[in-house]
Amino acid sequence: MIDQETIGLLLKGVNNVTWQSLVMIGVSFVLLYLAIVKDYEPLLLLPIGAGCLLANLPLSPLIGEEGMLVALYHMGVGNEMFPLLIFIGIGALTDFGPLLENPRLVLLGAAGQFGIFLTLILALLLGFTPNEAASIGIIGAIDGPTSIYVSGILAPHMLGPITVAAYSYMSLVPIILPPVIHLMTTKEERLIRMPYSSRKISRRTRILFPIIVTVLVGTLVPFATPLIGMLMLGNLMKESGAVERLTKASAAEIANTVTLFLGLAIGSTMVGADFLKPSTLFILVLGLLAFALDGCAGVFFAKILNWLSGGKINPIIGAAGISAFPMAARVVQRVAQEEDFENFLLMHAMGANAAGQVASVVAGGVVLALMGAGG
Amino acid sequence: MIDQETIGLLLKGVNNVTWQSLVMIGVSFVLLYLAIVKDYEPLLLLPIGAGCLLANLPLSPLIGEEGMLVALYHMGVGNEMFPLLIFIGIGALTDFGPLLENPRLVLLGAAGQFGIFLTLILALLLGFTPNEAASIGIIGAIDGPTSIYVSGILAPHMLGPITVAAYSYMSLVPIILPPVIHLMTTKEERLIRMPYSSRKISRRTRILFPIIVTVLVGTLVPFATPLIGMLMLGNLMKESGAVERLTKASAAEIANTVTLFLGLAIGSTMVGADFLKPSTLFILVLGLLAFALDGCAGVFFAKILNWLSGGKINPIIGAAGISAFPMAARVVQRVAQEEDFENFLLMHAMGANAAGQVASVVAGGVVLALMGAGG
Amino acid sequence: MIDQETIGLLLKGVNNVTWQSLVMIGVSFVLLYLAIVKDYEPLLLLPIGAGCLLANLPLSPLIGEEGMLVALYHMGVGNEMFPLLIFIGIGALTDFGPLLENPRLVLLGAAGQFGIFLTLILALLLGFTPNEAASIGIIGAIDGPTSIYVSGILAPHMLGPITVAAYSYMSLVPIILPPVIHLMTTKEERLIRMPYSSRKISRRTRILFPIIVTVLVGTLVPFATPLIGMLMLGNLMKESGAVERLTKASAAEIANTVTLFLGLAIGSTMVGADFLKPSTLFILVLGLLAFALDGCAGVFFAKILNWLSGGKINPIIGAAGISAFPMAARVVQRVAQEEDFENFLLMHAMGANAAGQVASVVAGGVVLALMGAGG
Amino acid sequence: MENLGWGLQMTVLGMGLVFALLAVLWAILNLILKLDQEEAEPVTALEATQAAEQIAAVADGAVGAQIPEPATVNGMRADLVAAILVATMQHRRVLRRQAAPMMRSYWPGSQLFASRWVAAGRTRQNNNWQPKGR
Amino acid sequence: MENLGWGLQMTVLGMGLVFALLAVLWAILNLILKLDQEEAEPVTALEATQAAEQIAAVADGAVGAQIPEPATVNGMRADLVAAILVATMQHRRVLRRQAAPMMRSYWPGSQLFASRWVAAGRTRQNNNWQPKGR
Amino acid sequence: MENLGWGLQMTVLGMGLVFALLAVLWAILNLILKLDQEEAEPVTALEATQAAEQIAAVADGAVGAQIPEPATVNGMRADLVAAILVATMQHRRVLRRQAAPMMRSYWPGSQLFASRWVAAGRTRQNNNWQPKGR
Ligand code: NA
Ligand code: NA
Ligand code: NA
């Protein structure tokens, strides 16, 4: 019979509202606002916000045992499959031609990873454990799937804020990068025009590139094998031209489905007490710092290259070495055109940007290797 | 060496044919006939029929340990993921505009759920357990994913007949609803014309709607969170316009794949002795009754509203409050035009219909809450 | 602190390169070469090659516990789901019309499976276990999903080379079949023209065909139920015309995704010492032999039919009975036109080819039944 | 009869809850719409039906949405019937328009006239049945 | 040699079963086709091949269907060769047609003539090889 | 400060590894490009930018690629600004071309002139911001 107990059941929801859940629902509203109104990386932030909202409703069955969001987490976040599948799609749409035309730009990609390690030190000083510090630093890879992959292994309890930071900052590239560039360069440097050259990259080279990168990076940094392997698998499928159906499926159907599931699953990790800690704020601030430091390091290194080459390299293309392909390159081009509307640096910036993509993944693997993860 | 035993193995298939499996294969033929020839909800009934056929072939490895149909069941039926994913797609294609233009229609949606509870009582009297009775009643939600979700939790052993009933009756809306309407209304009532008004619903309101419904329903009826959350997630993605790729993927690729898998998995639960019981017949009959009672209650409540509003509401739009969006609304429009070809009620019926969609989900959650499922 | 151990970690990758892994990376390059440059079944061989490469990089986390390739293996290879899903897509694109117009051609399909059993005997004599021998023989089904399904059950440790052989030889149909045909037939026989007739196959018959085949084969050879069931499910969906969305999803989105995952997972089984054994070479050679024997048997049986029918059947259409739909039929047509440009055998060859498709699946089930697998 | 009592309690509680929840929703919706300050304005039946049909046509794409079959009215193609209906209504309006400028309810260039064939098409979808008793 | 015996038994049983099953299928198919009562009627080689090519073209979309590469015959584009072939056959038919009405095997307006370019295209797909020994 | 030491070691080792790896990659890439024997040849800024834009446009399709919003420059539509820019550069080139044949850097029929509208479109995507300080 229906009794007090049953009626208690009916009020159970309202009774289980906590201030933490209310705050987290507020956080989910902020994420949805950023995604929908501010258009910040909506493909990720909208599902993350929705996942966060659904997970923080009182007694949400979605995060109970057998709950759908938990099932999605186990399906592809716990085992790191989702970020890797997204990487296949990214590889399938990335053209490394600008890098192949101008291979020395790979070094700019390396420089753009400095922020990872500087932030790691700061995080250590703030009292984070080494694994946590490394996970925070990896936000400085400015690369969503890499951040998810690395922090999912090193510090899964911080996956939520790290992913949110990584994607938010990726979408802030057009806002954060220009002041960093201006801070690091003089007007004269920004006005440097670079020669435009073109080299027909043979199909053979384009096909060899992903294979060589996979074997090289995979042998020297085994921890980077999954990330670089999937990125380069996508690129190999694209450049081979032999499996158009699979290339398209990777970049469209698979990527879309996985993005939705990934976002929901990550959002569902952002629950109450775990998220509402000072550390979350530190993560957000440190991540932003890592980003800015990346840009500075990239530009600084490009200045050195410029000095070595006798003034033939515009230092601002160093800022594109941070990854966030192809947005960072576009932002660099903009900054150049702000001062001289006829200064076209896009091709060079794209090369540095593609290098940053590869270097981010390498840096992710190196961090995992140095932490001895799973070793 | 090959011996008697081996030859026995070869005849094992024929030897394991039972009359139950033959009857069930016959049932699968009926389902395929309904799907292919009669065009009754073929997207669900064809896979269900095929799953039923394949599961009832003698010694079918598909339902053995590690069998594919069992794997599909565990992938998304046992954990309720498939109906929830389908709900994202339904939400992504549902426009709640007609309801937002005329919010009082939500009450018609509530009335259209009466059949659920009346049928529950009848089922109890017929000797079903409370959980079973509630699962049978939920057929009266006239909403496939809700029926699958609720009965999957309360009475998974009856998932097969309940799903078949739910989808069959959804496809019978054009046949069942008109006589119910005629029974409940006079010609004068059916001739009532309603004023047509239009209100520009702002994008803000359209975006707020799914969020508010999720928070409201999710807080008050936590058991409804998964259902309402996924329906409204799909709607939020659509109305935000910010994640078109994910919206499309939810409504197309994901929905298609999940529908195929869901149908096969549910069909595979319809095996022999479990299905061939008088209870199955009761389920089918009671489900039909629940449907008819829903329609009656909806029309009856609309008559009250008509009386309260001084004759400004055509009672037949109450029949659209049963869910089955947008078919029920179309049927109501038809019935109106049968008597007066210039009587256009579609917009009002669509509002009631959208309300019925929300109310069905709410009713599903309320039933789960009252049964204390998982509580 | 960072110490010797950490630096040891960094060199761990290089230190763990073995000659086996180097050879296997070489094998992966051969597979990629065949896929990309020679265009041999690239949809399968490229992912297999990539999976093989990624699995043989030193200490590859992709095949560690929780590794992505291992997860993909468990997702759909270990439980045989991937080849079955691919079969739905194949069924959805196969038109059995040419077979229905000329039903006696089914016997040609049966003859084209002789190679399976002859190779099985040879493999036994070479010292393989019965299960291994049967798995090798099944390469002679010249049907990728069947080979994967059967060998995945009987000898999962040989899945890699068997799948590679099956798909490579499928892509070698245009090279292997013509000499086999010439060896087995005289010029006079190859010049035989066959009468062209056309029979309107009713929609009813087209819909009944997959249902009948499923029930018949499934009852008599339960082990074939999954294979024939999925092939015929795809065909039923197509011929019914009632579930176009699901048909399309099966043949496109699902098939593409599954093919990529299947290839990667199978490639990842090709690791070092397990693969580099004389048995692998035997598998490749025996598989080729099985293929050739299939063609011979098919042509030989067609010669008998020709003799029985008083010279009205061109024996070369027997070679299309091996499966590999629709390629084998096209090759037969070519061989015919080589001698007489106006000899059009395509329709008859397609009938034999479709029969071969069905017969291959039946043979797969029969082999499983005779081995008592899972029984 | 213990069951009956429990069932009745379920019904009362259940329907009570459903109504209560949707009533709260109604109140909130009214509140939001107040904020929007968009007044409802009268439109014609055709306009309302067209808009509703567009919404229904999108929803037809959902799994389980039950897209109706092509329709007949009295054995005639329903789209033909609908076209005739629209043509008749249109004719009446033209007459009204020619009566006197002040009586026009639609001005030349109105969207409505431009889209009458669309209306016919949409309405067609709306008429897929055999009227009762004929 | 125990293995050989077992293998032979496998072969006999296995092929026996495969043949038996397909023979039963054959019988059933014949039965169904009887019910259809559609008689097989003769068509031309081109018609049959066109129909077969359409079926093959759809099946080419399957994973693992081995879509052949663009073809050459003797170094010439295969589609050109096929077009020449069809043109030649066509010419022969026209001559036949002009000879005497009673000799016509195709009547004016036949589908076949209308679709000869389609035929050329389909046939092209059919000719993707280098004839042996040239 | 033990942490600081460890962190610094991480930084040195980490960045050292990243640089070392990419340097090896650089060396290998140079080697491959040598094999290709394709010499880099100078192109115009517009050509280089067009090519780069095409690559960027494809990459925009990736999840998380941050496709920029439609742009304005100083409140004007960016594509208009870009079109003006290209027209100006074009005008300058025409003047140069008319000066003397030997001064032409582009010959009639050059791809570049043919695709100037494409260039404008591509450049537009490149200009999606409000220049600083105006
Ligand atoms: Na980076
Ligand atoms: Na309902
Ligand atoms: Na075969």
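To find a chain, count down the sequence lines: A is the first, B the second, and so on, and within it residues start at 1.
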The interface call for Ile90(B) against chain D, heavy-atom contacts under 4.5 Å, is both
Give the minimum heavy-atom separation between Ala363(B) and Val18(D), together with the two atoms involved.
CA-CG2, 3.9 Å
Using heavy-atom distances under 4.5 Å, tell me whether Ser202(B) contacts chain D through its side chain, its backbone, both, or neither.
both
Most contacts with chain D, counted as non-hydrogen pairs under 4.5 angstrom, among Val362(B), Leu216(B), Thr259(B)
Leu216(B)
Side chain, backbone, both or neither: which part of Arg193(B) has a heavy atom under 4.5 Å from chain D?
neither
Greatest number of heavy atom pairs closer than 4.5 Å to chain D - which of Gly137(B), Ala111(B), Gly97(B)
Ala111(B)
Quick one: are Ile121(B) and Leu8(D) in side-chain contact, heavy atoms under 4.5 Å?
yes
When the ring centroid of Phe19(D) is compared with that of Phe301(B), is the distance short of 6.0 Å?
yes
Does any non-hydrogen side-chain atom of Ile55(D) lie less than 4.5 Å from one of Met350(B)?
yes
Scan the side chains in residues 21-35 of chain D for donor-acceptor partners under 3.5 Å anywhere in the protein, sequence neighbours excluded, and list what turns up.
none

Max heavy-atom pairs within cutoff under 4.5 Å with chain B, candidates Ala56(D), Ala48(D), Gly7(D), goes to Ala56(D)
Residue pair Glu47(D) / Tyr196(B), side-chain heavy-atom distance below 4.5 Å
no
CD1 of Ile116(B) to CE of Met15(D), rounded to nearest 0.5 Å, is 7.5 Å
Please report the C-alpha distance between Gln50(D) and Leu346(B) in whole Å, then the side-chain angles of each, then the deciding distance to 0.1 Å, and finally whether the side chain to side chain contact (heavy atoms under 4.5 Å, CB included) criterion is met.
CA-CA 9 Å; Gln50(D) 275 173 43; Leu346(B) 188 60; over 6 Å; no
Correct closest heavy-atom pair for Leu93(B) and Ala62(D) would be CD1-N, 3.2 Å
Near Phe114(B) CZ, under 6.0 Å, is it more than 12 heavy atoms from other residues, nucleotides or ligands?
no
Atom CG of Leu118(B) and atom CE of Met10(D): how far apart are they, to the nearest 0.5 Å?
12.0 Å
Min side-chain heavy-atom separation Arg199(B)-Val43(D) under 4.5 Å
no
What closest approach, in Å, do Met347(B) and Ala51(D) show between heavy atoms, and which atom pair accounts for it?
CE-CB, 3.6 Å
Between CD on residue Gln113(B) and CG on residue Leu17(D), distance to nearest 0.5 Å:
13.0 Å
Of the listed Leu100(B), Leu105(B), Ile201(B), Thr94(B), the one with the largest count of heavy-atom pairs under 4.5 Å with chain D is Leu100(B)
Proximity breakdown for Val173(B) and chain D, heavy-atom pairs closer than 4.5 Å
neither
Chain D interface, residue from Gly89(B), Pro130(B), Ala134(B) that has the most non-hydrogen pairs under 4.5 Å
Pro130(B)
So which part of Pro145(B) gets closer than 4.5 Å to some heavy atom of chain D, the side chain, the backbone, both or neither?
neither
Heavy atoms only, distances under 4.5 angstrom: which of Asn343(B), Asn353(B), Leu107(B) has the most pairs with chain D? Name it, please.
Leu107(B)
Partners of Arg104(B) by salt bridge (Lys or Arg N to Asp or Glu O under 4.0 Å), sequence neighbours excluded?
none
I'd like to know whether Trp6(D) forms a side chain to side chain contact (heavy atoms under 4.5 Å, CB included) with Leu120(B), so could you lay out the CA-CA distance, the side-chain angles of the two residues, the decisive distance to 0.1 Å, and finally the verdict.
CA-CA 10 Å; Trp6(D) 182 80; Leu120(B) 187 155; 3.9 Å; yes
